[in-house]
J.: 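Let me begin by handing over the structure; questions about it come next.
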Amino acid sequence: MKYDFVTTEKKWQEKWKQAGIFHAADHSDKPKFYGLVEFPYPSGAGMHVGHIKAYAGLEVISRKRRMQGYNVLFPIGFDAFGLPTENYAIKTGIHPRQVTDKNIARFSEQLGRVGFSFDWDRVVDTTEEKYYKWTQWIFLKMFENGLVFRDTALVNYCPHCKVVLSNEDSQGGKCDICDTEIVQKSKDVWYLRITKYADKLLEELDGLDYLPNVKMQQVNWIGRSTGAFVNFAVKGIDEKLRIYTTRPDTLFGVTFMVMAPEHPMLEKYRSCIKNADALDAYRDECAKKTEFERTQMNKNKTGVRVEGLCAINPVSGKEIPIYISDYVMMGYGTGAIMAVPAHDDRDYAFAKKFGIDIVEVIRGGDIEKEAYAGDGEMVNSEFLNGIKEKKIAIEKMVQVLEEKGVGEAGVQYKMKDWAFNRQRYWGEPIPIVHCPQCGMVPVPYSELPLKLPEMENFAPGEGGESPLAKVESFVNCSCPKCGGAAKRETDTMPQWAGSSWYFLRYIDPLNDACLADPEKLKYWLPVDWYNGGMEHVTRHLIYSRFWHRFLYDIGVVPTKEPYAKRTAQGLILGPDGQKMSKSRGNVVDPLNVVEEFGADTLRVYILFMGDYGAAAPWSESSMRGCKRFLDRVAGLAEKAQGNGVTKALEASFHKTIKKVTSDIEEMKFNTAIAAMMELINEIDKVGSITADEVKTLVAILCPFAPHLCEEIWESLGGEGFCSLAQWPAYDEAKTISDTVEIAVQLCGKLKAVVAMPAGASREEMAALAKADARVAAALEGKTIKKEIVVPGKIVNFVAV
RNA sequence: GCGGGCGUGGCGGAAUUGGCAGACGCGCCAGAUUUAGGAUCUGGUGGGCAUCCGUGCAGGUUCAAGUCCUGUCGCCCGUACCA
């Protein structure tokens, strides 16, 4: 039976809103559940089916939790600062505030039409002054605690967006926003000292219930390595050449040194260098290379010898030539390395090309052919000779280096400090004043929020300076410390600032005295379950864990970690199996689907498509199948007669409740829905059903298709809202049918399927199996050598 | 290179973790209904007429392998000269 989803969905969305049934109570005797989804960027394009999938998972879980008697916080908000809105504003001249408000209104309307059970009283918008006041507050706290610093450095810069990007924002050497090849540019940069939290972020990961690949990606991104710093004396100058190595045990195998082309010592000791011009030429050449070219250079190493400087091996006293090469980066370690060609691929390639000696110090490989990175006995290494274990050799060498005062154990991270300023308008102003007398002075807490000034032209300056620099009334101010004339910082914070703590604000969105009431934080934290995209694992997830941990360290939040559990949804691909994109023209608009097939169908289909964590292509005909399923459920309500239990369906019901209950917890929504489809196939076969049973069915289906279920629930005289009905219980004993189908095999090959009583013993099962005509025929003339009987599962005769 | 994941019908995908491979849905076929198309309903549907053969490929362990082991091929994601 087709039901009128347009009327039904509208009716229940209004009823839910009027009754306010999805509001979270701040304190309650019920157990609490905080389910979080990544809040959207309210783009002009409106909602995408990907949003629906991202939210539908925790939507089902949150709805189930409410029915299970939890006090549920399932909030939504908008991460609205950022470039797309600003670029739109530049193009159209419409203020980003207006653009943002319009987009948020549209998103809210669209989310409402899908019937998501968000608590709409707790909506946060990162661009509102009462919100970013606290973003700025956290920044000042970090400043106060020495986690903010300023440096002139080579940074990732996007020539198209005219903006500095963090490492996280320029993964793969491309701008995250416009995909333009990024270039290195020397600029004044504000950094957040996230590296100080590297170890803390790494350690706490262990105790968290994150998907294994999420954990792993974070571990790799933080990229902790242990090794040693070694200071090599350089003949003719006073300064030591400091390097970092993970293999101090190979120190006797060093046959050359390599510095990054931009290494500062080259400039400092230019007068000692005989071929400075050649080094300059090489450096300039490297600067021109794109990221792509650099990675292509993997095998074919380039470089130039530094004439006039020569390093001394601190343990052997040998003289070692120094080179510059772009396979050594200024941004990692010390910007210089000791090269051990016998035991490192890159050094090996370089040594071969430049005809440098290759000295074996670890046995086990063939250094004539390639570098050997494995374990083995130490040779040619004086006091290390004979040691077979890498760990012991490293310890011994580090000990010697420390005794001699030429080196020490050290740790390095791939993760860099977070470049935190953007030369853009639509972001949180950085609340710092530059005073000629006092230097960098924080804006007093009492003056927060430091508001974005009104302006007409939002375009960034050609030299890459912030648009705010043009607003004199904003720039010119008095120093909060000395009262003298001073200038405000004109850069704004990056997109990721507001989202680094939004989950805290949901807990107390209107508080004006603090970012959230400590008692409420204590009640709601940590987030019990956070679902989002894999693309945020090395950005938002790292950043927000960092901010949260900082807030914990200064006593603002009660938990070390913000999220107890983290899962991720897979992409929805276009019908052609390709990633949805405007240029491919394969984008499915969820609102069209809602209008044509209804929100319930959309929700059920998106969760039925396949494994929630995997990518799956959109298929409209497959979706029609889900519509048919819902229509059939609607039909059952009309057929229902009487109350109580239909004996023939009892086991099926208990089994289905059990499966749906546990599958939802494992995000196996596809099989949960399949189980309910099986159940209605079973009901059709039996041909009769009671009203009580339909009510049970719609209760477990309600988290998926809430509008239809409410309608049926009401029509059958259900009490209150189906959305708040008690989650059906199952009786384990009743999930077992009286008879079970047992496969009977002969030598592992299926011969028959025999119905047996559920509790049959091994002997009874073997006897019943032999009694089956087909089995008997197969056994004819054979001797049974072995009988394998697994109760409830299988009988297998080994016979010849 | 390195790290992780995945290969099952025409398609999306199931499989209680070693126990009837292909649940459920799509598509397809046949029938019903319909002026027709669409929609809906009913039945069938891995391959082969059959003894049988089937989870990328080749071996192995086992009474029993999609699942475990060894080797191999292919695809996807992340990362990228990290010293």
J.: At under 4.0 Å between heavy atoms, what does A/Lys751 touch on the DNA or RNA strands: base, sugar-phosphate, or nothing?
T.: sugar-phosphate
J.: Give one of base, sugar-phosphate or nothing for A/Asp345, where a contact means two heavy atoms less than 4.0 Å apart.
T.: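 Nothing, no heavy atom under 4.0 Å.
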J.: Please compare A/Met623 and A/Asn220 by the position of their nearest nucleotide in RNA chain B and report the one closer to 5'.
T.: A/Asn220
J.: Is the ring pair A/Phe229/A/Tyr244 parallel, tilted or perpendicular, if the boundaries are 30 and 60 degrees?
T.: tilted
J.: Just to be sure I understand the rule, does A/Asn681 reach a base, reach only the sugar-phosphate, or reach nothing, if contact means heavy atoms closer than 4.0 Å?
T.: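 Sugar-phosphate contact only.
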J.: Nearest heavy atom decides the nucleotide; on that basis, is A/Arg247 or A/Lys659 closer to the 5' end of RNA chain B?
T.: A/Lys659
J.: Out of the candidates A/Tyr197, A/Trp418, A/Trp221, only one should pair with A/Tyr543 under the ring pair (Phe, Tyr, Trp, His ring centres under 6.0 Å) rule; please name it.
T.: A/Trp418
J.: Mind checking A/Ala615 for me? I need base, sugar-phosphate or nothing, with any heavy atom below 4.0 Å counting as a touch.
T.: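 Contact class for A/Ala615: sugar-phosphate only.
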J.: Within the 4.0 Å heavy-atom criterion, would you say A/Lys655 contacts the bases, only the backbone, or no part of the nucleic acid?
T.: nothing
J.: Name the nucleic acid region contacted by A/Asn796, choosing base, sugar-phosphate or nothing; use a 4.0 angstrom heavy-atom cut-off, strictly under.
T.: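 Contact class for A/Asn796: base.
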J.: Check every strand shown and say whether A/Glu787 touches a base, only sugar-phosphate, or nothing at a heavy-atom separation below 4.0 Å.
T.: nothing
J.: Using a heavy-atom cut-off of 4.0 Å across all strands, would you classify A/Gln412 as base, sugar-phosphate, or nothing?
T.: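 Touches nothing.
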J.: Which part of the nucleic acid, if any, lies within reach of A/Val798 when heavy atoms closer than 4.0 Å are counted: base, sugar-phosphate only, or nothing?
T.: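 It contacts sugar-phosphate atoms only.
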J.: Anything under 30° is parallel, anything over 60° is perpendicular, the rest tilted; go ahead and classify A/Phe350 against A/Phe354.
T.: parallel
J.: Could you give the distance separating B/C53 and B/C57 at their P atoms, to the nearest angstrom?
T.: 15 Å
J.: Taking B/U45 as the reference, what is the distance to B/G10 when you measure between their C1' atoms (whole Å, please)?
T.: 11 Å
J.: Between B/G22 and B/G13, how many Å separate the two C1' atoms, rounded to a whole number?
T.: 10 Å
J.: Using the glycosidic torsion, which applies to B/U17: syn (within 90° of 0) or anti (everything else)?
T.: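 It is syn.
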